[in-house]
Number of protein chains: 2
Amino acid sequence: MNHESKFQREKFLNHISLDCVVFGFHDNQLKVLLLRMKFTKEWALPGGFVKEDESFETAATRVLKERTGLDNIFLKQFKVFSDPQRSKINPAVQDLIDSGANPDQEWFKQRFISVGYYALVDFSKAEPQSDYFSDLCAWKSLNEINTLILDHLQILNKALENLRMQLNYQPIGYNLLPDKFTMPELQKLYETILGKELDRRNFQRKMLSYNILTRLEERKTGGAHKAPFLYEFNLENYQKALQNGLYGGW
Amino acid sequence: MNHESKFQREKFLNHISLDCVVFGFHDNQLKVLLLRMKFTKEWALPGGFVKEDESFETAATRVLKERTGLDNIFLKQFKVFSDPQRSKINPAVQDLIDSGANPDQEWFKQRFISVGYYALVDFSKAEPQSDYFSDLCAWKSLNEINTLILDHLQILNKALENLRMQLNYQPIGYNLLPDKFTMPELQKLYETILGKELDRRNFQRKMLSYNILTRLEERKTGGAHKAPFLYEFNLENYQKALQNGLYGGW
DNA sequence: TATCATTGTGTCAATTATACACATTAATTT
DNA sequence: AAATTAATGTGTATAATTGACACAATGATA
């Protein structure tokens, strides 16, 4: 938290913020990275502001690097949240007041327009770091999340909706799974995102038909039953599928 | 243009703008509504700014009402454009300088972050109105559009890409066609958006399978050949399809 | 009245999706 | 060590959808 101990509002564009819904996958559950506000102890999405010479993408990348230590994260802009009332009661302000520090209360009293991003990251590689306003940064399972500050729950739900949509025309997994993974693990990921079960055999056939997977000779040992094959993504084809989409539609 | 003869920058949020790609369909061609800048005579997308108590949606709706006279337009936010360089050379500033009026040059020298919307409107019902900076508001066919100010061509292309994507999971047509239309007309619309031809019979079968169309007893007369049936959209089912999407995917 | 271009409708084959069955295997239990 | 268990690997029959195409009907025009 050292690097942000002095919050410099001059560097940022007024009115403008971004919020990130960071998805990870662990224990067969979809996790979201959240921050706990120092004083109010409410939970919030990681977010930030845009410097005067930054694009939103750069700013979001910077924020994610700070919160997870990771570069090269899959990032997708999914919606702008601009309800004039959305940032009326800002817990960050409350935190600043409670802290007695109040360096920049005025800044936080602004109306903020926030651009929502969702990110897909490898759970095992991320190292959650809290920020100036929070005392804890942690993964939460979706079903554990009941309330968030401001409209962050709404932002989270919209992100999830968009992620589910993405499954229908783009591959997913490279950013959420370790380099080597089994077919059942990939299937679990899909089932978790979609919130429903899929047929094991049909899933495998469909997934293989995309030609984005390479089956390795290795198998995953240590499990209690038959050892499944390990797969890795064929990055070249994966990128192509990301670009061109999986279905034609028309 | 009377209502904007005094440009009041105080009312708007700094740094923030919106641009609209307004699509219409006429003469079997996809048209886009453009403005011609008063002095530089360059073409631009209609756009605007956000008032301090407005959401982006409200602002976009207001802008479209001013440019087309229409309410209840289909509007979709599709991307935020935030490259720090994007508004460096702003023709509006040039226009203001050339005009000698220069009431708010400083305002336009700001860096702007723009939210892109695309709109689908009934060509025959829209009444193009220029704004304070333009002397002409007109429909242009896609293939006529070679250059636009700033990054507006890029915005247009992204809008088109998103519109094509939308065809794959949502119905389109209600906002672009008159209330009653023929199947060939609807097909032409799809072909125009996609930029490719479709099989007449397979198109009809697929389209009818969505259950969003009602065939009327009437036929369209006056054409040189066999009179085609007229259809109208079943609004209830159309809205459902907009919400739920047309395909499952998974 | 014949011609022409377009519309309405249908069919067949190929592809894809859905719902299953059975053999295999690695750890665990007996 | 053999039997058990609960997964995994592979395949198949059926239904549904898509793609390619043929032919009859019709309204204006020649």
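To find a chain, count down the sequence lines: A is the first, B the second, and so on, and within it residues start at 1.
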*Pick the nucleotide of DNA chain C nearest each of A:K206 and A:T221; which residue has the one closer to the 5' end?*
A:K206

*asked:* Can you work out whether A:A224 or A:D199 has the more 5'-proximal nearest nucleotide on DNA chain D?
replied: A:A224

*Could you state the atom-to-atom distance from CD of A:E197 to P of C:dA19 in whole Å?*
13 Å

*asked:* Could you check whether B:Y174 and B:Y238 have their ring centres less than 6.0 Å apart?
replied: yes

*A:K188/A:E185 salt bridge by N-O under 4.0 Å criterion*: no

*Atom-to-atom span, CD of B:E185 to P of C:dT6 - whole angstrom*: 14 Å

_Value in whole Å for how far the C1' atom of C:dT15 lies from CG of A:N202_ = 15 Å

*According to the interplanar angle, ranging from 0 to 90°, do the rings of B:F181 and B:F233 count as parallel (below 30°), tilted (30 to 60°) or perpendicular (above 60°)?*
tilted

_Carboxylate-amine/guanidinium contact A:R86 A:D19, below 4.0 Å_ = yes

*Pick the nucleotide of DNA chain C nearest each of A:G222 and A:R201; which residue has the one closer to the 5' end?*
A:R201

*Euclidean distance, atom CZ of residue A:F203 to atom C1' of C:dT16 [Å, nearest integer]*: 17 Å

*What integer distance in Å separates B:K226:NZ from C:dT7:P?*
10 Å

_Between P on C:dG8 and CE on B:M207, what's the gap in Å once rounded to a whole number?_
14 Å

*In whole angstrom, give the distance that lies between atom CG of A:L208 and atom P of C:dA17.*
13 Å

*asked:* Could you tell me the boundaries of the chain B footprint on DNA chain D, defined by atoms under 4.0 Å from its heavy atoms?
replied: D:dT18 to D:dA28

*Rounded to the Å, how far apart are B:K220 NZ and C:dT6 P?*
15 Å

_Out of C:dT7, C:dT24, C:dT18, whichever nucleotide has its closest atom nearest the side chain of B:R200_ = C:dT7

*In plain terms, say whether A:E232 and A:R215 are close enough for a salt bridge, that is, a side-chain N and a carboxylate O under 4.0 Å apart.*
no

*asked:* Any salt bridge linking A:R164 with A:E161? Criterion: basic side-chain nitrogen under 4.0 Å from a carboxylate oxygen.
replied: no

_Salt-bridge contact A:E218-A:K180 (side-chain N to carboxylate O under 4.0 Å)_ = yes

*Which one, C:dC4, C:dA17, C:dT7, comes nearest to the side chain of A:R205?*
C:dA17

